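Just so we're clear, the structure is a prediction, and the values are computed from it rather than from any experiment. Residue numbers run from 1 in the order of the sequence given.
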Amino acid sequence: MNKTLKRVTTLALALVMLLSLSVAAFADEGEIYPVSGTITRYMSFDPENSGLTSHTCWLTIASADKNITIKRSSVKVTAGTCEAKLYAFEKSFYGYDEQYDFSGEKTWDESYSYRSYDYTIGVRVSKPGTFTVKYKIGTTSYSFKVKVLKYVNPVKTITLSGVNGGKSFAARTKYANSNFVDRLSLPAKKTNTSLKVTAKDGWKLTSITLRDSTKNTSRSYTCTSSPVSSFTLKCGTLYANRNYQVSLNLINTKNNASQTIYYYIDGAKAG
């Protein structure tokens, strides 16, 4: 091989290596958002499991704009004063790609991509108190503390047209794991219905949803960035041959901890 050919071959190999490194670096771009510090949670409300003696705290331990790996074996939950125990370990992915044609010239003017990878754990706790979570992303260790508060009913009033004689049924979630043998009922078809919710002092609504469990459809309103003290959700027509679920998410304005509340409604003719 002459010197010129050898030099060209060497430069070509160097270029291939450089491009390979560039691609690898580009593929590794993206931020990682590990959870740290102290998180406050309330004991959950679960009317479907009134016999349970423990509650599950669902916690996101890390999110990222790129694919990351957290091994379950690296996640350690100390029992603390809550008698906490790791129950579930999940990884989820959300992403989409969008392209825009603003000019109308049948060419894409702009494009946008989004990726989110999240690791979530479920921790069962037996009582209010504190516990600690430790985990690793690669070789780097992270930890955070969880403060669990006793259950609080944050709903002051809630009414739904055609249900409970038009009266508030907020008292049904007064206690955690209430016995819901006598579920709410919808005795007859009702048109032009409204779901009205008012939060107690110190709490605000971040979302309100009425789900048709029979048809698997829903109406909802989300205001996470600007929580409200009360809201009225227009729900259209409700049918006596269907079952419904109301879910509310509220946030405490002092400690920023959230609470999710459920109400279940059975149509009189549903079966």
Thr253 and Lys204: CA distance, side-chain angles, deciding distance, side chain to side chain contact (heavy atoms under 4.5 Å, CB included) verdict: CA-CA 7 Å; Thr253 56; Lys204 287 194 174 184; 4.0 Å; yes

What verdict does the side chain to side chain contact (heavy atoms under 4.5 Å, CB included) test give for Ile121 and Val75, after you've listed the backbone C-alpha separation in whole Å, the side-chain angles of each residue and the deciding distance to 0.1 Å? CA-CA 9 Å; Ile121 60 173; Val75 180; 4.3 Å; yes

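Arg124 and Thr56 make their closest contact through CG-OG1, 3.5 Å (heavy atoms, listed as atom of the first residue, atom of the second, distance). The two atoms that bring Lys156 and Ala170 nearest to each other are O-CB, 3.5 Å, heavy atoms only. Ala84 and Thr78 make their closest contact through CB-O, 3.8 Å (heavy atoms, listed as atom of the first residue, atom of the second, distance). Nearest heavy atom pair, residue Val35 against residue Phe144, reads O-CD2, 3.6 Å. Shortest non-hydrogen contact noted between Thr173 and Tyr263 is OG1-OH, 2.8 Å. Residues Gly129 and Cys82 come closest through the heavy atom pair C-SG, 3.1 Å.
You'll find the side chain of Leu248 stays beyond 4.5 Å of the side chain of Thr260, heavy atoms only. Side-chain contact check for Tyr135 versus Tyr119: every heavy-atom pair is 4.5 Å or farther apart. Residues Ile61 and Thr120 form no side-chain contact, since every pair of their non-hydrogen atoms from C-beta on lies 4.5 Å or further apart. Pro227 places none of its side-chain heavy atoms less than 4.5 Å from the side chain of Leu205. Using a 4.5 Å heavy-atom threshold, the side chains of Ile68 and Ile32 count as touching. Side-chain atoms of Arg172 and Leu184, non-hydrogen and from C-beta on, do get closer than 4.5 Å to each other. Put simply, the side chain of Ile137 reaches to within 4.5 Å of the side chain of Tyr142, judged on heavy atoms. Side-chain contact between Val146 and Val123: absent, with no pair of heavy atoms (C-beta onward) separated by less than 4.5 Å.
Of the possible polar contacts, none joining the Thr159 side chain to the Ser168 backbone as a donor-acceptor pair under 3.5 Å is found. In this structure a side-chain-to-backbone donor-acceptor pair under 3.5 Å is missing from Arg219 to Leu210. Under a 3.5 Å cut-off, the side chain of Thr132 and the backbone N or O of Lys145 do not form any donor-acceptor pair. Using a distance-only test at 3.5 Å, with no hydrogens or angles considered, no donor-acceptor pair links the side chain of Lys190 to the main chain of Pro187. Side-chain atoms of Asn243 come within 3.5 Å of backbone atoms of Gly267 as a donor-acceptor pair (strictly under, hydrogens ignored). Under the 3.5 Å distance criterion, the side-chain polar atoms of Thr206 are matched with a main-chain donor or acceptor of Asn249. Panel note: side chain Ser161, backbone Ser194; a donor-acceptor pair is recorded below 3.5 Å. In terms of modelled atom types and a separation under 3.5 Å, the side chain of Glu83 and the main chain of Lys127 share no donor-acceptor contact. A donor-acceptor contact shorter than 3.5 Å is absent between the side chain of Ser226 and the backbone of Cys223. The closest donor-acceptor contact from the side chain of Asn153 to the backbone of Val155 lies under 3.5 Å.
With sequence neighbours excluded, the residues forming a side chain to side chain contact (heavy atoms under 4.5 Å, CB included) with Thr107 are Ser103, Glu105, Asp109, listed by chain and number.
Distance check, rounded to the nearest 0.5 Å: CG of Leu195 to SG of Cys235 gives 5.0 Å. To the nearest 0.5 Å, atom CG of residue Leu86 and atom CZ of residue Phe131 are 9.5 Å apart. To the nearest 0.5 Å, atoms NZ (Lys136) and OG (Ser73) are separated by 9.0 Å. For the atom pair CZ (Arg211) and CZ (Arg242), the distance works out to 13.0 Å, reported to the nearest 0.5 Å. Going from atom CG of Leu186 over to atom CG of Leu160 covers 7.5 Å, rounded to the nearest 0.5 Å. Between atom NZ of residue Lys234 and atom OG1 of residue Thr232 there is a gap of 6.5 Å, rounded to the nearest 0.5 Å.
In the model, Tyr264 has a side-chain atom that pairs as donor or acceptor with a side-chain atom of Gln245 under 3.5 Å. Remark: the Ser185 side chain and the Asp266 side chain contain no N/O donor-acceptor pair separated by less than 3.5 Å. Checked by atom type, the side-chain pair Ser116/Asp118 shows a donor-acceptor distance below 3.5 Å. Between the side chains of Lys200 and Asn252, not a single donor N or O lies within less than 3.5 Å of an accepting N or O.
In the hydrophobic clustering of this structure, Leu250 groups with Val228; members are Ile, Leu, Val, Met, Phe, Trp, Tyr whose side-chain heavy atoms approach within less than 4.5 Å, directly or through other members. In terms of hydrophobic clustering, with Ile, Leu, Val, Met, Phe, Trp and Tyr side chains grouped at heavy-atom distances under 4.5 Å, Met43 and Leu59 are assigned to a common cluster. There is no path of hydrophobic side-chain contacts, each under 4.5 Å, that joins Ile251 to Ile261.
Sorted by first and then second residue, the ring pair (Phe, Tyr, Trp, His ring centres under 6.0 Å) pairs involving residues 203-261 (not counting sequence neighbours) are Tyr42-Trp203, Tyr221-Phe231.
The aromatic rings of Tyr100 and Phe102 lie parallel to each other, with less than 30° between the two planes, well short of the 60° mark. Ring pair Tyr87/Trp58 is perpendicular by interplanar angle, where above 60° counts as perpendicular and below 30° as parallel.
In Asp201, the CG atom is not crowded: 12 or fewer heavy atoms of neighbouring residues, nucleotides or ligands sit closer than 6.0 Å. Counting heavy-atom neighbours within 6.0 Å of Lys91 NZ, excluding the residue itself, gives a total above 12.
With respect to Arg115 and Asp65, no salt bridge is recorded, no charged nitrogen being found less than 4.0 Å from a carboxylate O.
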